[in-house]
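Read through the structure below, which is laid out as structure tokens, and then see the notes.
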Amino acid sequence: MTRHLKVLDLLIPARCASCGAPGAPCCPTCQTAWGSLSEITRAPTAGLVPVYALARYADEARRLILAYKERGRRDLAPSLGRAVAEALPELPRRPETFCLVPVPSRRHASRVRGGPHVQRLAEECVKVLVGKGKPAMVAPALRLRAGVRDAARLTRAERAVNLDGRIRPVPGVWPAKVILLDDVITTGATAAACTRILDASGIHVSAVVALSAAG
């Protein structure tokens, strides 16, 4: 299968998932959509945990995320992971080891997307950090129980109810201090719920980092 995919890549060269330029899943111009970390404010996370995003959920950033999540462009994972890896050292309180906890995905969504897409993003980010000599690891310490609805069109209150009691810690030996990683911050309800669950498990979330922030 891998050999067939490589042959297909030769016959049909990659095109940028944002602008369509040939040559790479994300062209150098569209890669600049990811900037430095900007702190954002959301009511559910205010006073709980600092939240940062690399871009506004619009234009190139939105097209790249949608292509990655919903249109099967898993080949974008390395470029997205690199963007996060380049931004993480900007955190005000940079940890000695970057321990990334991916926000968990619904089981159905994971099947459709070829696996947990945020965890894949975290893994690519860690590859870049380790390649630069920075200690880093992925800590998949959270999971979602069955019954969680797609949150795309839910209000902030509905998102909170949707997640209530459905985020669970994964048994294991995890770092005491972590960074929560997500793709898009919308209302902040998911980030807040994940942070509280981790905190109750004795795991401190020093920051939430997302590729983009809506609104």
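Nothing here was measured: the structure is a model prediction, and the numbers come from that model. Quick note: residue numbers are just sequence positions, from 1.
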Practice item. Run the numbers on Ile179 and Val101 for side chain to side chain contact (heavy atoms under 4.5 Å, CB included), then give the verdict. Key: CA-CA 6 Å; Ile179 296 167; Val101 175; over 6 Å; no
Cluster check [X], [Y]: I/L/V/M/F/W/Y, side chain < 4.5 angstrom:
| X | Y | answer |
| --- | --- | --- |
| Val170 | Leu142 | yes |
| Val128 | Leu181 | no |
| Ile197 | Val103 | yes |

Side-chain donor-acceptor distances from residues 75-94 under 3.5 Å, at least two apart:
from	atom 1	to	atom 2	distance (Å)
Asp75	OD1	Arg73	NE	2.9
Asp75	OD2	Arg73	NE	3.3
Asp75	OD2	Arg73	NH2	3.1
Ser79	OG	Leu76	O	3.0
Glu90	OE1	Leu37	N	2.8

**Study point:** Backbone of Val178 reached by a side-chain donor or acceptor of Ser206 within 3.5 Å
**Key:**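 Pair found, side chain donor or acceptor close to backbone of Val178.
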Exercise for review: Using modelled atom types only, decide if a donor and an acceptor are shared between the side chain of Tyr68 and the backbone of His117 within a distance under 3.5 Å.
Suggested key: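 Yes, Tyr68 side chain to His117 backbone: donor-acceptor pair under 3.5 Å.
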**Study point:** Residues forming a side-chain contact (heavy atoms from CB on, under 4.5 Å) with Ala46, sequence neighbours excluded
**Key:**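 None.
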Minimum heavy-atom distance between [X] and [Y], given as atom pair plus value:
| X | Y | value |
| --- | --- | --- |
| Pro104 | Arg143 | CB-CA, 3.8 Å |
| Pro140 | Gln119 | CB-OE1, 3.8 Å |
| Ala191 | Thr45 | CB-CG2, 4.0 Å |
| Ala136 | Val126 | O-CG1, 3.7 Å |
| Ser105 | Pro116 | OG-CA, 4.1 Å |
| Pro102 | Leu100 | CD-O, 3.5 Å |

Point to revise | Note: Glu123-Arg120 ion pair, threshold 4.0 Å (strictly below) | key: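 Salt bridge between Glu123 and Arg120, a charged N being under 4.0 Å from a carboxylate O: no.
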State the [atom1]-[atom2] distance between [X] and [Y], to the nearest 0.5 angstrom.
| X | Y | atom1 | atom2 | value |
| --- | --- | --- | --- | --- |
| Glu60 | Cys30 | CD | SG | 5.0 Å |
| Cys125 | Phe98 | SG | CZ | 8.5 Å |
| Leu198 | His204 | CG | NE2 | 11.0 Å |

Review point. With a 4.5 Å heavy-atom cut-off, do Asp182 and Val118 have their side chains touching?
Key: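 Yes. Closest side-chain heavy atoms under 4.5 Å.
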**Study point:** Sub-4.5 Å side-chain heavy-atom contact between Trp34 and Leu211
**Key:**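 A side-chain contact under 4.5 Å exists here.
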Check your understanding: Considering the options Ile185, Leu48, Val51, Thr187, which one meets the side-chain contact (heavy atoms from CB on, under 4.5 Å) requirement together with Arg42?
Key ->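 With Arg42 as partner, Ile185, Leu48, Val51, Thr187 yield a single side-chain contact (heavy atoms from CB on, under 4.5 Å), made by Ile185.
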Check your understanding: For the side-chain contact (heavy atoms from CB on, under 4.5 Å) test, which of Cys27, Pro25, Pro22 pairs with Arg15?
Key ->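 When Cys27, Pro25, Pro22 are each tested with Arg15, the side-chain contact (heavy atoms from CB on, under 4.5 Å) holds only for Pro22.
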Exercise for review: List the steps, then state whether side chain to side chain contact (heavy atoms under 4.5 Å, CB included) holds for Leu66 with Tyr57.
Suggested key: CA-CA 10 Å; Leu66 284 176; Tyr57 187 58; 3.4 Å; yes
Practice item. For Cys26 and Leu64, run side chain to side chain contact (heavy atoms under 4.5 Å, CB included): C-alpha distance rounded to whole Å, both residues' side-chain angles, the deciding distance at 0.1 Å, then the answer. Key: CA-CA 8 Å; Cys26 180; Leu64 290 168; 3.8 Å; yes
**Study point:** Exceeds 12 heavy-atom contacts within 6.0 angstrom, atom CZ of Arg63
**Key:**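 Result for CZ/Arg63: enclosed.
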